[in-house]
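Have a look at the structure below, then the notes.
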Amino acid sequence: MSADGRQPQPPSAGHSPYPAVVSPDAPLQGTATLQVLSAGYLGQRFASTVTFVRDGATLIVVNPGMVADIESILRPLRNLGLRPAAVTDIVLLTTRPAHIVNAGLFPRARLHDATAVYQNDTKARRPADGVLISPSVRLIQTPGDRPDDLTVLVATPSGIVALTHLWRSRSDGAERPPDGDPGALRKARTRVLGVASRIVPAHGAPFRAGPDTSV
């Protein structure tokens, strides 16, 4: 439990708010909205795709990693009328330093990784797979590059969006990861594609999932 008494909801078999989606991974409701704060890229320089999710009073920043300038994260939040201290939750898609360096911008947020929730001087251990941060936002563990990588499933009025490190960008092929487990990667990608209609990759622009999406 966090310092303010809040804690993630336990995993639930639940039901999908979308009749065409039959998966226990689907969040329970479909009321969230999301906005990419800073689009990532790869090359000689690289940056993370940082995304903001709102579901009622739950305000989440996902993948607060390297960016060219922290204003590329903070300015879009200000345009939404939000201060960094208003953010309630941070989710790390992976625990590599390049993906967490800007988590400290949000001083009051709970921080979620695959094994625990952190806030101030408290740590509450729990497996993240299946946890509901809010009724429309579920965490699932999706190993591929690393065993503890997470995907965030965000149920919006127009469908379920996956925020994930399983794809770095739309152009990712099936040969990844060079240092991970290709079999685990295919299994995790297949799991995500069974529930999500759009993908927000860790280092690229969002894209619609379809038959040509690599597994």
Hydrophobic cluster membership, with links at side-chain heavy-atom distances under 4.5 Å among I/L/V/M/F/W/Y: are V161 and L37 in one?
no
side-chain hydrogen bond (donor to acceptor under 3.5 Å, both in side chains) partners for T94, two or more places apart:
D149
For the residue pair T142 and T151, confirm or rule out a side-chain donor-acceptor distance under 3.5 Å.
yes
Is R110 reaching over with its side chain to a backbone N or O of V117, donor-acceptor style, under 3.5 angstrom?
no
Judged by atom type as modelled, is there a donor-acceptor pair below 3.5 Å linking the side chain of H112 to the main-chain atoms of L92?
no
With R191, which residues qualify under salt bridge (Lys or Arg N to Asp or Glu O under 4.0 Å), at least two apart?
D25, D129
State, to 0.1 Å, how close A98 and S48 come at their nearest heavy-atom pair, and which atoms those are.
O-OG, 3.7 Å
Side chains of T115 and D113, donor plus acceptor under 3.5 Å:
yes
S72: partners by side-chain contact (heavy atoms from CB on, under 4.5 Å), with sequence neighbours left out
S38, V67
I73 and L80: same hydrophobic cluster, using ILVMFWY side-chain contacts below 4.5 Å?
yes
Would you name the heavy atoms of P76 and Q35 that are closest together and state the gap between them?
CB-NE2, 4.2 Å
Could you check whether any side-chain N or O of Q141 sits under 3.5 Å from a backbone N or O of P147, counting only pairs where one atom can act as donor and the other as acceptor?
yes
Do T31 and S136 meet the criterion of a side-chain donor-acceptor pair at a distance under 3.5 Å?
yes
Under a 4.5 Å side-chain heavy-atom rule over Ile, Leu, Val, Met, Phe, Trp and Tyr, are L111 and I70 clustered together?
yes
Exam field: side chain T164 to backbone L166, donor-acceptor pair closer than 3.5 Å:
yes
Could you tell me which residues satisfy side-chain contact (heavy atoms from CB on, under 4.5 Å) with T213, sequence neighbours excluded, listed by chain and number?
W167, L193, F207, A209
Tell me, please, which residues at least two apart from R75 pass side-chain hydrogen bond (donor to acceptor under 3.5 Å, both in side chains).
none
Shortest non-hydrogen pair, R108 vs A85, comes out as CD-O, 3.6 Å
Stepwise, does the side-chain contact (heavy atoms from CB on, under 4.5 Å) test hold for V53 with V152?
CA-CA 10 Å; V53 177; V152 184; 5.6 Å; no
Between the side chains of S158 and T156, does any donor sit under 3.5 Å from an acceptor?
yes
To the nearest 0.5 Å, atom CG of L77 lies from atom CZ of F52 at 6.5 Å
With side-chain contact (heavy atoms from CB on, under 4.5 Å) as the test, would you mind laying out the steps for V137 and T58 before giving the verdict?
CA-CA 10 Å; V137 181; T58 304; over 6 Å; no
Run the numbers on V87 and L82 for side-chain contact (heavy atoms from CB on, under 4.5 Å), then give the verdict.
CA-CA 8 Å; V87 172; L82 295 172; 5.9 Å; no
For a quick test of reading the model, state the closest non-hydrogen atom pair linking L28 to R138 and the distance between them.
CD2-NH2, 4.0 Å
Using modelled atom types and a 3.5 Å cut-off, is there a donor and acceptor pairing between side-chain atoms of D69 and backbone atoms of E71?
yes
Sub-3.5 Å donor-acceptor pair from the side chain of T49 to the main-chain atoms of G204, do we have one?
yes
State, to 0.1 Å, how close P157 and A32 come at their nearest heavy-atom pair, and which atoms those are.
CD-O, 3.4 Å
Just verifying a value: how many Å separate Y41 OH and M66 CE, rounded to the nearest 0.5 Å?
8.0 Å
Does the side-chain contact (heavy atoms from CB on, under 4.5 Å) test come out yes or no for L153 and V195, once each step is laid out?
CA-CA 8 Å; L153 297 175; V195 64; 3.8 Å; yes
Which residues share a side-chain hydrogen bond (donor to acceptor under 3.5 Å, both in side chains) with T95, sequence neighbours left out:
D148
Grouping I, L, V, M, F, W and Y whenever their side-chain heavy atoms are under 4.5 Å apart, do F106 and I133 come out in a common cluster?
no
Within the side chain of R78, is there an N or O that forms a donor-acceptor pair under 3.5 Å with the backbone of R83?
no
Separation between CD (Q119) and CG (D89), nearest 0.5 Å, reads 8.5 Å
Hey, does P135 have a side-chain heavy atom less than 4.5 Å from the side chain of D55?
yes
Assigning hydrophobic clusters by single linkage (Ile, Leu, Val, Met, Phe, Trp, Tyr; side-chain heavy-atom cutoff under 4.5 Å), is V62 placed with V50?
no
With rounding to the nearest 0.5 angstrom, report the CZ to CG distance, R198 to L34.
9.0 Å
